[in-house]
Amino acid sequence: MPVGRYPVQPILDRLRATVPALKLIETAANLRTALEQQPAAVPAAFVVTARSGREPNGATGGMLIQGVDVGVQVVLMVRNYAQAQTGASAAADMDTLIAAVDAALINWSPSQDFVPLYLGPGQDAPYGSGLLITHQTYRSRYRIQAARLP
C-alpha cells in the first residue's frame, strides 16, 4: 500500500503523452502558486495534489489502515486575443483543452494502488489580456498502513 503523497510525475507524463496541445506541463507547490503563474508558453498545465485522511477504522494486528482522499488539481491556461472583450474565443479554446485533459485522466490511475481518477469540481479563475485560467479537480483514493510505534 502506498504511503505519502499521490504521485505527480506519472500525471505529468500522461498529459505529455496524450494531450499534445499542451505546450507547457509543470507542477507547483500549491494551488495559489499555480494560479499565479505567467507561463512562457500556452496552452499550459500546472498540476498540484492535496490529500486528506479519513478517520481510521481501527488497527488490525497492530497495523493501522486508513483511507486517504486525493484531489489532483490541474490548472489550465490558454491565451486567445480574438474576441478579447468577452473572452469567448479563449473560452472555446479552454473547452477543447478541458475535454482533452478529461479524456487523458478520467478513469486512469498511475498504478493499481490508487482508485482511478474521476471528475470533481472545477473553477474558473480571472480572465484578462487574452489569458483564461481555470482549474479542474480530479479525485482518487487510496489506503495507507502503518505499524504501531512502540
Side-chain angles (χ1 to χ4, degrees), residues 1-60 63-80 82-83 86-127 130-147:
M1 289 181 192
V3 175
R5 296 181 65 91
Y6 192 88
V8 174
Q9 190 60 50
I11 297 168
L12 302 177
D13 295 342
R14 174 85 175 165
L15 291 173
R16 286 184 183 111
T18 59
V19 186
L22 286 169
K23 305 299 182 209
L24 178 70
I25 301 169
E26 297 290 339
T27 189
N30 55 44
L31 181 60
R32 182 177 181 169
T33 302
L35 289 168
E36 292 173 350
Q37 295 303 300
Q38 294 296 317
V42 289
F46 293 87
V47 178
V48 178
T49 62
R51 68 183 188 150
S52 175
R54 293 189 223 150
E55 186 73 26
N57 289 333
T60 303
M63 186 68 65
L64 179 97
I65 300 174
Q66 183 176 10
V68 178
D69 295 313
V70 177
V72 175
Q73 296 173 320
V74 181
V75 175
L76 298 171
M77 301 178 178
V78 299
R79 178 170 280 128
N80 189 325
Q83 297 177 311
T86 64
S89 293
D93 291 349
M94 184 64 79
D95 288 345
T96 301
L97 186 59
I98 289 170
V101 172
D102 282 353
L105 296 181
I106 292 175
N107 203 30
W108 173 83
S109 176
S111 79
Q112 65 186 16
D113 295 321
F114 303 97
V115 170
L117 291 168
Y118 58 94
L119 187 61
Q123 184 174 345
D124 288 334
Y127 166 78
L131 183 67
L132 178 61
I133 304 169
T134 189
H135 74 270
Q136 302 296 303
T137 302
Y138 302 89
R139 301 247 183 237
S140 182
R141 291 184 305 279
Y142 64 98
R143 294 185 334 166
I144 58 174
Q145 64 184 30

Within the structure provided, determine whether Val68 and Arg141 are in side-chain contact (heavy-atom separation under 4.5 Å).
no
Can you tell me if Gln9 has over 12 outside heavy atoms packed within less than 6.0 Å of its CD?
yes
Measuring from Thr18:OG1 to Trp108:CH2, what's the distance to the nearest 0.5 Å?
9.0 Å
Output yes when a side-chain donor or acceptor of Arg14 lies under 3.5 Å from a complementary backbone atom of Ala104, and no otherwise.
yes
Please test Gln38 against Leu131 for side chain to side chain contact (heavy atoms under 4.5 Å, CB included), starting from the C-alpha separation and ending with a verdict.
CA-CA 9 Å; Gln38 294 296 317; Leu131 183 67; 4.2 Å; yes
Measure the CD1-OH distance between Ile106 and Tyr118 for me, rounded to the nearest 0.5 Å.
12.0 Å
To the nearest 0.5 angstrom, please state how far the CD atom of Glu26 sits from the CG atom of Leu12.
7.5 Å
Decide yes or no for Ile65 and Ile144: does some side-chain heavy atom of the first lie under 4.5 Å from some side-chain heavy atom of the second?
no
Distance only, no hydrogens: is a donor on one side chain within 3.5 Å (strictly under) of an acceptor on the other, for Asn30 and Thr33?
yes
Side chains of Ser140 and Tyr6 in contact at under 4.5 Å (non-hydrogen atoms):
yes
Where Tyr127 and Thr86 come nearest, the two heavy atoms and their spacing
CE2-C, 4.4 Å
Gln83 and Ala88: which non-hydrogen atoms are nearest, and at how many Å?
OE1-CB, 3.3 Å
Do you know which two heavy atoms are closest between Ala34 and Met77, and how far apart they sit?
O-CE, 3.2 Å
Is the backbone N or O of Val72 less than 3.5 Å from a side-chain atom of Arg139, with the two atoms forming a donor-acceptor pair by type?
no
Rounded to the nearest 0.5 Å, what's the gap from CG on Leu97 to CG on Leu76? Could you check?
5.0 Å
Minimal non-hydrogen separation, Ala45 against Val74, with atom names
CB-CG1, 4.2 Å
Got Thr134 and Ile98 here, is their nearest side-chain heavy-atom distance under 4.5 Å?
yes
Does the side chain of Thr27 reach to within under 4.5 Å of the side chain of Phe46, using non-hydrogen atoms?
no
Any idea how Phe114 and Tyr142 line up, ring-wise: parallel (<30°), tilted (30 to 60°), or perpendicular (>60°)?
perpendicular
Taking all non-hydrogen atoms of both residues, which atom of Leu117 and which atom of Leu105 are closest, and how far apart?
CB-O, 3.3 Å
To the nearest 0.5 Å, tell me how far Ile25 CD1 sits from Leu15 CG.
5.0 Å
I'd like to know whether Val78 forms a side chain to side chain contact (heavy atoms under 4.5 Å, CB included) with Val42, so could you lay out the CA-CA distance, the side-chain angles of the two residues, the decisive distance to 0.1 Å, and finally the verdict.
CA-CA 6 Å; Val78 299; Val42 289; 5.7 Å; no
Between Thr137 (side chain only) and Gly71 (backbone N and O only), is there a donor and an acceptor less than 3.5 Å apart?
no
Could you state the interatomic distance from NE2 (His135) to CG (Leu31), rounded to the nearest 0.5 Å?
5.0 Å
Closest heavy-atom pair and its distance - Ala41, Lys23:
CB-CB, 3.9 Å
